[in-house]
**Q** 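The structure follows.
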Amino acid sequence: MNVYQFSSPATFYPFAGWLAPWFAWSAALLAIAGLWIGFAVAPTDFQQGEAYRIIFIHVPTAWMSMFIYLVMGFWSVLALAFNTRLSAMMAQSLVPTGALMTFIALWTGALWGRPTWGTYWAWDARMTSELILLFLYFGVMALRNAIDDPRRADRACAVLTIVGAVNIPIIYFSVQWWNTLHQGASVSLTAAPRMASIMLIGMLVMAFAAWFYTIAVSLWRVQAIILERERSASWISALPGLAGALR
Amino acid sequence: MLEVLELAARRGDAVLFRRLGFRVEAGKMLVVTGPNGTGKTTLLRILAGLTLATAGRVLFRGEAVAPGSPKLRAECVFVGHLPALKDEFTAEENLSSLVELSGVRPTASQLRAVLSEVALDAQRALPARVLSQGQRRRIGLARLSLLRRPLWLLDEPATALDTTGLALLGQLIARQLAAGGAVVASTHQTLDLPPEHLEWLVLA
Amino acid sequence: MLEVLELAARRGDAVLFRRLGFRVEAGKMLVVTGPNGTGKTTLLRILAGLTLATAGRVLFRGEAVAPGSPKLRAECVFVGHLPALKDEFTAEENLSSLVELSGVRPTASQLRAVLSEVALDAQRALPARVLSQGQRRRIGLARLSLLRRPLWLLDEPATALDTTGLALLGQLIARQLAAGGAVVASTHQTLDLPPEHLEWLVLA
Amino acid sequence: MAGAGMSADVDSGAGVGAALRWSVERDLRLALRSRSELGVQLMFYVIVVTLFPLASTPERMLLATMGPGVLWVAALLASLLSLPRLFASDFADGTLEQIALSPFPMPALVFGKILAHWLTTGLPIVLLAPLLGIQYGLDGTALWIVTLSLLIGTPILSLLGAIGAALTLGVRGGGSLLALLILPLYVPILIFGAGSADAVRAGLSASANLSLLGAGLLIALVGAPLATAASVRIALD
Amino acid sequence: MAGAGMSADVDSGAGVGAALRWSVERDLRLALRSRSELGVQLMFYVIVVTLFPLASTPERMLLATMGPGVLWVAALLASLLSLPRLFASDFADGTLEQIALSPFPMPALVFGKILAHWLTTGLPIVLLAPLLGIQYGLDGTALWIVTLSLLIGTPILSLLGAIGAALTLGVRGGGSLLALLILPLYVPILIFGAGSADAVRAGLSASANLSLLGAGLLIALVGAPLATAASVRIALD
Ligand code: HEM
Ligand SMILES: Nc1ncnc2c1ncn2[C@@H]1O[C@H](COP(=O)(O)OP(=O)(O)OP(=O)(O)O)[C@@H](O)[C@H]1O
Ligand SMILES: Nc1ncnc2c1ncn2[C@@H]1O[C@H](COP(=O)(O)OP(=O)(O)OP(=O)(O)O)[C@@H](O)[C@H]1O
Ligand SMILES: [Mg+2]
Ligand SMILES: [Mg+2]
């Protein structure tokens with residue numbers, strides 16, 4: 001069995017169905033653990049009180065919002081370069097989750113801003129660029145909705161995704177390039193972490209939970225997309241349990 | 001000159017054709033006919049490299065060509081339903097602009113000669129906006145006459161042409177075939193050409 | 001039914017026709033032919049009330065009608081080069097919308113019947129954007145079939161139709177003439193109709 | 001079914017209601033066909049409103065001062081941006097010819113199109129304005145007045161814009177020429193509209209501004225469909 | 001003239017210059033054909049810039065603060081408003097098909113179109129900016145910097161916008177969808193652009209902002225023609 005076989009929707013469909021529950025369960029367990037660490041184990045912050053606990057949602061979702069976009073960009077490059085159907089479907093399957101993560105990051109950030117900065121919203125570079133990211137996700141969805149031919153929509157969305165990827169470094173480095181309200185990175189591979197290690201652990205656990213959740217959801221979504229797109233293919237009607245549903 | 005292997009086209013849920021194969025030799029014209037909506041336009045656009053085929057290969061002079069490959073683009077000319085005319089440009093400007101886009105720089109006298117060949121002398125300086133339907137198509141004929149390309153792909157070239165226009169089209173095609181070129185054309189009308197040069201492809 | 005007196009049309013510097021006069025009786029079809037650019041389209045648009053004539057009068061049922069008069073608008077139907085189709089609407093939606101614009105409310109079963117009459121059953125729910133050229137024209141035929149109007153003005157109705165499409169057009173016209181309607185049509189192709197119903201107007 | 005039996009299906013006077021229904025229904029259906037259409041309009045408005053604070057300095061006081069003006073300018077631009085499409089596609093595909101030849105009264109058909117345009121571009125903006133106004137730190141009354149002024153004002157934008165859109169049909173330079181023709185007409189509306197909220201913020205009454213807007217709406221309602229229908233006929237010749 | 005004699009007229013590599021010349025020349029000629037075209041673009045820009053002080057309260061200090069932002073937002077909107085026309089007419093009349101089938105390299109042809117677009121919409125704005133800036137009470141350096149930032153920035157707007165214009169070809173919701181896709185990409189440019197003048201007004205150096213803009217221009221110059229050409233091909237399928 002070689003790797004390329006997985007680029008065929010027919011092979012990937014059952015594989016995705018087998019894989020998804022594993023990630024879903026891991027995500028659930030990690031989320032429980034992370035929330036427990038975040039809300040029960042981690043100490044109250046001496047500056048911010050309890051409000052800081054939003055960090056356990058805010059930071060993982062903010063990370064994922066950017067990471068998902070990069071992954072979409074990767075699939076889009078593959079889709080355009082090799083004209084593969086599956087990679088375009090993978091990219092498509094990630095968009096709603098990406099938008100969700102971005103929205104949550106924005107929302108929790110705004111909620112957090114109220115007690116710490118005294119305002120829900122400011123036109124600060126990081127917030128603005130994160131908002132732009134949300135608009136980019138919406139743009140990809142809107143473009144897909146506006147084109148009825150799925151193959152054409154695949155390729156158009158791929159181009160847009162790749163072009164929009166320039167926004168990611170802007171978000172990430174915005175805190176360094178401008179004087180922002182938002183604080184800089186406190187987790188880095190090169191320097192020792194500047195926050196309490198239990199907080200760091202909680203955040204990382206939550207980050208993995210978000211990551212696994214994304215994988216599980218997008219695997220399920222890609223299955224749905226495959227079913228919709230390949231409904232006339234013979235292997236679909238041969239699927240157990242589906243033969244009846246598809247007439 | 002052109003060979004098509006196992007070509008298939010699917011639009012939406014409909015399969016237009018499958019496992020289509022044919023050859024067009026130099027000096028021959030392939031006439032594609034068939035009822036409305038059977039894929040003539042789609043086939044021509046695939047051959048031109050505008051639309052992606054679902055499966056199959058197109059060989060040009062024996063080599064497989066990718067859609068939109070520079071080689072194909074340099075050697076064929078496609079005349080579709082849309083005339084590619086700018087309403088603001090005059091007939092002459094439109095013609096010269098279209099021909100230059102194909103990499104040929106015609107002289108003013110060439111332009112004038114070919115426009116009078118298609119009976120547009122009087123309309124030379126009129127903006128395309130005011131031209132009649134048939135006069136617009138004639139600019140396309142003039143373009144064919146100026147471009148020496150081995151392969152012509154014509155989608156319903158007889159549309160809107162009067163009898164002299166049809167005769168002109170016949171002459172142009174005959175000249176192209178005599179010069180060793182090939183033509184693939186879809187049509188619902190009968191063209192006045194010597195049958196020994198014609199091959200037929202009926203889609204259904 | 002329709003009478004034209006001393007009609008003249010000038011476009012820019014060119015005089016297309018002058019002192020043109022003819023009558024079209026109920027049950028008759030006037031076929032307007034002539035080389036490209038001689039004013040067939042212009043004439044039909046004048047009759048429909050879209051374009052102003054330079055001189056002359058149009059009488060409808062014996063009364064002089066102003067261009068765009070409500071009377072004319074209620075009794076004639078014009079099918080021009082442009083199909084008036086919305087790319088986003090399905091074939092069926094396009095048809096019903098066009099017919100309703102003329103003040104007729106067709107039932108769903110009528111729509112279905114007439115669409116199958118023009119062989120668009122399978123394309124009923126497809127957006128017009130993806131229809132082939134001939135399929136788009138067939139929606140226009142279906143419209144003609146649904147609207148009972150005394151006067152039809154058709155500009156090159158045979159364009160893009162295949163042989164069965166042409167036969168259908170012939171039948172529709174025959175039905176219209178038999179019902180006491182009149183038709184004015186421009187064309188370059190020969191239509192298969194009984195010659196005793198036809199009158200000819202050759203512009204040059 | 002013969003001869004005289006095949007006569008008019010509609011008598012021209014009575015068709016106003018049917019004509020309105022036809023064109024409103026059709027254009028709404030077209031607008032909603034791509035599910036995202038309405039969302040896109042809203043997004044555009046939100047983004048434009050969002051741009052302004054980005055480009056200037058984001059101080060709270062200043063924001064509240066700019067608020068009504070920005071909301072109005074954005075509404076105006078959203079209208080301007082969508083206007084070229086009002087007749088263009090109907091013109092290009094021949095529907096406009098058929099509209100001109102329909103037995104229905106043409107001003108009614110045209111008015112229906114304008115109404116649909118307002119429903120899909122103007123109304124969403126009006127509904128969204130209070131939310132965006134909060135972002136700009138506008139308080140209760142100002143918020144309410146700016147929304148009310150948009151409710152009265154945006155239909156005028158659509159009505160006046162339609163005349164411009166019809167006049168520039170088939171003319172090169174479309175979008176910008178349209179903007180040039182229409183913006184001078186828009187400016188008074190902008191001034192009254194944004195002015196009404198300013199008046200409230202300054203502790204004055206907004207009623208003068210609002211009633212001027214209302215009068216403008218009445219005039220536009222009567223005059224614009226006629227002028228637009230005439231312009232469309234000219235464009236078709 | 002027979003058979004092999006009838007071969008390619010252009011070898012694909014060499015055609016870049018000729019391709020550029022063809023499309024720039026043609027589009028400029030088209031733009032200048034209706035003599036008013038250029039004037040209209042400028043008028044639009046002037047009117048939009050003039051609208052802002054009208055809509056907000058006209059205090060001198062505030063005006064100077066808003067100045068660069070307004071000049072930039074107006075430039076952005078002017079670009080946005082003209083973008084739908086960039087490919088639309090070529091798409092509708094079939095020229096774009098012929099461009100895709102031309103032996104010339106397509107990115108070069110597309111780049112020529114973008115260049116012509118900038119020359120007719122961006123450049124006039126850059127030239128006009130100093131004059132309008134004076135109206136806003138901007139002083140020497142700020143004026144010079146905002147003009148320079150527009151000179152570097154407006155080509156990016158045209159380049160990025162072209163991608164959006166190509167992606168939305170033949171897609172419903174055209175103008176607004178285009179705005180939705182493109183505005184997020186425009187925002188960073190707006191921030192750097194308007195920010196450069198703000199920096200100067202705040203007594204800082206504008207060089208960081210300007211060099212970021214310059215980097216953006218380089219990236220866009222390389223990437224945009226390729227992405228646009230790819231999008232056009234997709235739209236034609
Ligand atoms: C709507 C407003 C906000 C947005 C859009 C936002 C966005 C982001 C993004 C994109 C990141 C990840 C980037 C990175 O890892 O460098 C992030 C991280 C972070 N945010 Fe926010 N944020 C917002 C508000 C806030 C507020 C109010 C606070 C707290 C005062 C906050 C604290 C943090 C912290 C501590 C991190 C982690 C930085 C790190 O350790 O790398 N954010 N935020
Ligand atoms: N998304 C789709 N779903 C189903 N059918 C489609 C779709 N898109 C296109 N088609 C069909 O594909 C066909 C396209 O045909 P094409 O334009 O190639 O026909 P043609 O032979 O040129 O016809 P004509 O003689 O009318 O020009 C049409 O029958 C159309 O209905
Ligand atoms: N401004 C103008 N100046 C000179 N001639 C003009 C002008 N406007 C239109 N014409 C001419 O008027 C004629 C319009 O003809 P029309 O479209 O009615 O022709 P037609 O008989 O329908 O031709 P076809 O068979 O090609 O459809 C054309 O010959 C055109 O060149
Ligand atoms: Mg066809
Ligand atoms: Mg004609």
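Just so you know, these numbers come straight off a predicted model, no measurement behind them. All heavy atoms count here, side chains included; hydrogens, waters and symmetry mates do not. Reminder, nothing fancy here: chain letters follow the sequence lines and each chain counts from 1.
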**Q** Select all residues of residues 147-161 of chain D having any heavy atom within less than 4.5 Å of some heavy atom of chain C, and report them by number, or 'none'.
**A**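 Near chain C, by residue number: none.
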
**Q** Is any NZ, NE, NH1 or NH2 atom of the basic residue among D:D237 and C:R45 found under 4.0 Å from an Asp or Glu carboxylate oxygen of the other?
**A**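 No, no charged N to carboxylate O under 4.0 Å.
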
**Q** Heavy-atom count check: over 12 atoms from other residues, nucleotides or ligands less than 6.0 Å from C:R18 CZ?
**A**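 No.
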
**Q** State plainly whether the residues C:D87 and C:R136 are in salt-bridge range, i.e. N to O under 4.0 Å.
**A**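 Salt bridge present between C:D87 and C:R136.
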
**Q** Could you look at C:L85 and say if it's the side chain, the backbone, both or neither that has a heavy atom under 4.5 Å from chain D?
**A**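 Contact with chain D is through the backbone of C:L85 alone.
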
**Q** Go through the atoms of D:L96 and report whether side chain, backbone, both or neither lie under 4.5 Å from a heavy atom of chain C.
**A**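 Neither; nothing under 4.5 Å.
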
**Q** Taking C:E93 first and then D:R29, would you say they form a salt bridge - that is, a charged N and a carboxylate O separated by under 4.0 Å?
**A**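 Yes, C:E93 and D:R29 are salt-bridged.
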
**Q** Using heavy-atom distances under 4.5 Å, tell me whether D:A19 contacts chain C through its side chain, its backbone, both, or neither.
**A**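 Answer is neither: D:A19 stays 4.5 Å or more from chain C.
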
**Q** Is the closest basic N to carboxylate O distance between C:D121 and C:R112 below 4.0 Å?
**A**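 Salt bridge flag = no for C:R112 with C:D121.
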
**Q** Any luck finding a side-chain donor-acceptor pair between C:R175 and C:S145 under 3.5 Å?
**A**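 C:S145 and C:R175 do have a side-chain donor-acceptor pair below 3.5 Å.
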
**Q** Decide whether C:K40 and C:T187 meet the rule of one side-chain donor and one side-chain acceptor closer than 3.5 Å.
**A**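 Side-chain D/A pair, C:K40 to C:T187: absent.
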
**Q** In terms of side-chain geometry, is the basic nitrogen of D:D90 or D:R26 positioned less than 4.0 Å from the acidic oxygen of its partner?
**A**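 So D:D90 pairs with D:R26 through a salt bridge.
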
**Q** Using distance alone, with no hydrogens and no angle criterion, decide if D:Q98 and C:R143 have a side-chain donor and acceptor under 3.5 Å apart.
**A**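 Checked: D:Q98/C:R143 side chains pair up, N/O donor to acceptor below 3.5 Å.
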
**Q** For C:T164 and C:R138, which I'm curious about, is there any donor-acceptor pair between the side chains at under 3.5 Å?
**A**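 Judged by distance alone, the side chains do pair up.
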
**Q** Just to be sure I understand the criterion: a residue of residues 217-234 of chain D counts if one of its heavy atoms is under 4.5 Å from a heavy atom of chain C. Which ones qualify?
**A**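 Interface residues of residues 217-234 of chain D: D:R233.
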
**Q** Is it true that a side-chain atom of C:Q176 and a backbone atom of C:I173 form a donor plus acceptor pair closer than 3.5 Å?
**A**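 Absent.
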
